[in-house]
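Keep in mind that this is a model prediction, so the values were computed, not measured.
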Amino acid sequence: MRILIIEDDREAAAYLCKALREAGHVADHAADGETGTTMALEGGYDVLVVDRMLPKRDGLAIIEEMRERGDETPALILSALGQVDDRVTGLRSGGDDYLAKPYAFSELLARVEALARRRRPGEAETVYRVGDLELDRLGHTVSRAGQNVPLQPREFRLLEYLMKNAGQVVTRTMLLENVWDYHFDPQTNVIDVHISRLRGKIDKGFDAPLLHTVRGAGYMIRDSAR
């Protein structure tokens, strides 16, 4: 997912962005309400995480403007104001969920993922399977033929994207944009290195390879036995 964090506490925002990236998501940060409004309205985000009290423009005003413009991107409001009336005000301003500070990251992540599933029911699938390879998006686990396959966060995200598009050619540009969040060619072999590592982890020791290179086009995950 692409998630926008609008939070003026830079230390808290840095921690949150790092944790979301480690969970396999793309996280951007805006440090004030005006910047956050601009970034949010540019679109492309699956979920917004918005601090209620921000410099230049408060979080509720950001969400209200988005709703007035017809933008229904799910928004999770973060706030030190946790009374019932505060939560009601936030939800009536267009927020989809409200989480009081301090919070546990595991709860925030679960709420963000729930908001994304609610918006995109067609993408609510939490387990991908190709042949005997299985990836659990919520449990963040991968197994093949019942054997656990330990992956680094970037490898998990790469495999998740490939399995989401199983049976289709995934180009290098698609991987750069959706796995690395690059919108330019970094002129490195970063994709080749990660594909090689991933292939070694999911295909080594098995008769039928699942990860294929499509020469001149990109890569594909497919069940060779079919």
Q: For the pair Glu160 and Lys164, evaluate salt bridge (Lys or Arg N to Asp or Glu O under 4.0 Å) and give the outcome as yes or no after the intermediate values.
A: CA-CA 6 Å; Glu160 179 183 15; Lys164 178 181 176 182; over 6 Å; no

Q: Assess whether side chain to side chain contact (heavy atoms under 4.5 Å, CB included) is satisfied between His29 and Met39, documenting all intermediate values.
A: CA-CA 9 Å; His29 172 229; Met39 292 177 68; over 6 Å; no

Q | side chain to side chain contact (heavy atoms under 4.5 Å, CB included) assessment of Ile202 paired with Leu133 | A | CA-CA 8 Å; Ile202 67 171; Leu133 179 67; 4.2 Å; yes

**Q.** Val149 vs Leu159, side chain to side chain contact (heavy atoms under 4.5 Å, CB included): CA-CA, chis, key distance, verdict
**A.** CA-CA 11 Å; Val149 180; Leu159 181 60; over 6 Å; no

**Q.** ring-ring contact (aromatic ring centres under 6.0 Å, His included) between Tyr219 and His212, intermediate numbers included
**A.** CA-CA 6 Å; Tyr219 305 94; His212 303 269; over 10 Å; no

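Comment: Glu134 does not engage Arg144 in a salt bridge, judged by the lack of any side-chain N to carboxylate O separation of less than 4.0 angstrom. Between Arg57 and Glu34 there is no salt bridge, since no side-chain nitrogen of the basic residue lies less than 4.0 Å from a carboxylate oxygen of the acidic one. The residues Arg172 and Asp192 are annotated as salt-bridged, a charged nitrogen and a carboxylate oxygen being separated by less than 4.0 angstrom.
Under the side-chain hydrogen bond (donor to acceptor under 3.5 Å, both in side chains) criterion, Asp28 pairs with Arg2, Tyr45, not counting sequence neighbours. Partners of Ser93 under the side-chain hydrogen bond (donor to acceptor under 3.5 Å, both in side chains) rule, at least two apart in sequence or in another chain, are Glu64. For Arg197, the side-chain hydrogen bond (donor to acceptor under 3.5 Å, both in side chains) test picks out no residue, with sequence neighbours left out. Remark: Thr213 pairs with Arg199 by the side-chain hydrogen bond (donor to acceptor under 3.5 Å, both in side chains) rule, at least two apart or across chains.
Leu210 and Val214 fall into different hydrophobic clusters, where Ile, Leu, Val, Met, Phe, Trp and Tyr residues are linked whenever their side-chain heavy atoms come under 4.5 Å apart, directly or through other members. Under a hydrophobic-cluster definition in which Ile, Leu, Val, Met, Phe, Trp and Tyr are linked whenever side-chain heavy atoms come within less than 4.5 Å, directly or via other members, Val26 and Ile5 are assigned to different clusters. In the hydrophobic clustering of this structure, Ile195 groups with Tyr128; members are Ile, Leu, Val, Met, Phe, Trp, Tyr whose side-chain heavy atoms approach within less than 4.5 Å, directly or through other members. At a threshold of 4.5 Å between side-chain heavy atoms, the hydrophobic network of Ile, Leu, Val, Met, Phe, Trp and Tyr places Val169 and Ile221 in two separate groups.
Listed by first then second residue, pairs satisfying side-chain hydrogen bond (donor to acceptor under 3.5 Å, both in side chains) with a partner in residues 147-157 read Glu155-Lys201, not counting sequence neighbours. For residues 11-25, the pairs satisfying salt bridge (charged side-chain N to carboxylate O under 4.0 Å, His left out) are Lys18-Glu22, with sequence neighbours left out.
Relative orientation of the His140 and Phe156 rings is parallel, given thresholds of 30° and 60° on the angle between their planes.
Under a 3.5 Å cut-off, the side chain of Asn178 and the backbone N or O of Met174 do form a donor-acceptor pair. The main-chain N or O of Ala31 is never found under 3.5 Å from a side-chain atom of Thr35 such that the two would form a donor-acceptor pair. No donor-acceptor pair closer than 3.5 Å links the side chain of Asp51 to the backbone N or O of Ile6.
In summary, of the residues considered (Ile63, Asp97, Leu99), a side chain to side chain contact (heavy atoms under 4.5 Å, CB included) with Ile77 occurs for Ile63 alone. For the side chain to side chain contact (heavy atoms under 4.5 Å, CB included) criterion with Val112, the lone passing option out of Asp46, Leu48, Leu76 is Leu76.
Residue Tyr15 places its OH atom among 12 or fewer non-hydrogen atoms of other residues, nucleotides or ligands, all under 6.0 Å distant.
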